2 protein chains.
Amino acid sequence: MPKVVDRDQRRLELARAAWRVIRRDGIERASVREVAREAGLSTGSLRHYFGTQSELLIFAMRNVMEQVERRAAAVQRPNDPLAAAKLVLAELLPLDDERRAENEVWVAFMARAMVDPPLGSLRDEAYDRLREACARWVSALLPGGSEAQLQLESERLFALIDGLALHAAMRPASATAARLSAVMFHHLEQIAGRRH
Amino acid sequence: MPKVVDRDQRRLELARAAWRVIRRDGIERASVREVAREAGLSTGSLRHYFGTQSELLIFAMRNVMEQVERRAAAVQRPNDPLAAAKLVLAELLPLDDERRAENEVWVAFMARAMVDPPLGSLRDEAYDRLREACARWVSALLPGGSEAQLQLESERLFALIDGLALHAAMRPASATAARLSAVMFHHLEQIAGRRH
């Protein structure tokens, strides 16, 4: 079914064009018209793939989520939970150019989601999935932890990851991969009770 | 000089009107015209106080920064650095309605600052001030810490605070004052080496 493949491929290209507009001009400028212009299409052609700005933004946001989850799922996991947590959770941090772009777009989505109900629902879905992933890693790192301790540490880990990502978007020059990883690894080691 | 007082007071009221528009409709809608309408003024009257949207947003953003710093400065500080850190840093968390409003507006500013250079400069100023405040508290909590350790812990504390604030804006219902404080206090106790 080459038609379907083409359509999916084209939608992905348009999502990327939306990313570029969002990073350059802000999310409020990522209208159907502007994204069409960025992609070198007429507005009419773009509407063949996305009827509204909201549809386009939701697709672009879901695209970020899927990319992150695909990368995390592809990680070869060592048996040691601490080593595995470090490798998998690093996928959530903007450690290279691709992930930095993704992260900046994500920050724009988070702000917009506060006043845009359809994006808000998707944001809530992403929030819950990440929160659960943090809870699973904390359980693996703290096998004997009490309910209260696991909850506290899950919230702390989740907040730390999003805070690091937010700061990386705000101050990219000082958020080097080495510094982001060092903070994250130190935190995971402390949860696991293995400080160095 | 009643004239000057009135003018300052009026600018503050307009900043608050801008906050309300930002929280309800998003920052891109906080134009001079919309904020004037929200405040019950004509666009022409608002321009008497703020010539451009950018001026208005910068004033409103600086207003948030000053409010936070005023509150932090007003805290009675116990001699124990851990007890003092808990009290002062709690001022950065959205623990009541006023601070929740402030925090939501702040998240909108952070996203807009990524594509708006004048807001970007002010955001950088706020970033540096908060980063320094975190460094000072970490030094107080870890008096014998090495340079590397102090830097790592400052970055970690700063990211945690902003991550907690971001999550509180995203999911207000689960970010109760008790939960936010519990995570923050646990973190400060751990830095100070006093786990409970």
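On a predicted model such as this, the values are computed, not experimentally measured, just so you know. Letters A, B, ... are given to chains in the order of the sequence lines, protein chains preceding strands, and every chain is numbered from 1.
Neither the backbone nor the side chain of A/A165 comes within contact range of chain B; no heavy atoms are under 4.5 Å apart. For A/M170, the parts lying near chain B are the backbone and the side chain together; criterion is any non-hydrogen pair under 4.5 Å. For a residue to count as touching a neighbouring chain, one of its non-hydrogen atoms must lie under 4.5 Å from one of that chain's; by this rule A/R29 does not touch chain B. Both the backbone and the side chain of B/E104 have a heavy atom closer than 4.5 Å to some heavy atom of chain A. In this structure, the portions of A/L160 lying under 4.5 Å from any heavy atom of chain B include both its backbone and its side chain. Contacts of A/R23 with chain B are made by backbone atoms alone, with heavy-atom separations under 4.5 Å and no side-chain atom involved. At a 4.5 Å heavy-atom cutoff, the contact between A/I22 and chain B is made by backbone atoms alone. Neither the backbone nor the side chain of B/A113 comes within less than 4.5 Å of any heavy atom of chain A. There is no contact between B/L180 and chain A, counting heavy-atom distances below 4.5 Å. If you measure heavy-atom distances from B/R24 to chain A, the contacts under 4.5 Å come from the backbone alone.
No path of Ile, Leu, Val, Met, Phe, Trp and Tyr side chains, each step under 4.5 Å between heavy atoms, connects B/Y49 with B/L57, placing them in separate hydrophobic clusters. No continuous path of hydrophobic side-chain contacts links B/F59 to B/F109 [ILVMFWY only; heavy atoms under 4.5 Å]. Hydrophobic clustering keeps B/L12 apart from B/V105 (ILVMFWY residues linked when any side-chain heavy atoms are closer than 4.5 Å, directly or through intermediates). Hydrophobic clustering places A/F158 together with A/W137 (ILVMFWY residues linked when any side-chain heavy atoms are closer than 4.5 Å, directly or through intermediates). Cluster membership check: A/L141 shares its hydrophobic cluster with A/L92, using side-chain heavy-atom separations under 4.5 Å among Ile, Leu, Val, Met, Phe, Trp and Tyr.
Of the residues considered (B/V107, B/D116, B/D128), B/D128 shows the highest number of contacts with chain A, using heavy-atom pairs under 4.5 Å. Most heavy-atom pairs under 4.5 Å with chain B, from the set A/L164, A/D124, A/L157: that is A/D124. Ranked by heavy-atom pairs shorter than 4.5 Å toward chain A, the options B/Q151, B/R171, B/E155, B/R131 are led by B/R171.
With values rounded to the nearest 0.5 angstrom, B/M114 atom CE is found 10.5 Å from A/I27 atom CD1. Of the inter-residue distances, the one linking A/E28 atom CD with B/R112 atom CZ reads 5.5 Å to the nearest 0.5 angstrom. With rounding to the nearest 0.5 Å, the separation of CG in B/L166 from CE in A/M110 is 8.0 Å.
Using cut-offs of 30° and 60° on the angle between ring planes, the pair A/Y127 and B/H167 is perpendicular.
Between A/R156 and B/Q190 there is a side-chain heavy-atom pair separated by less than 4.5 Å.
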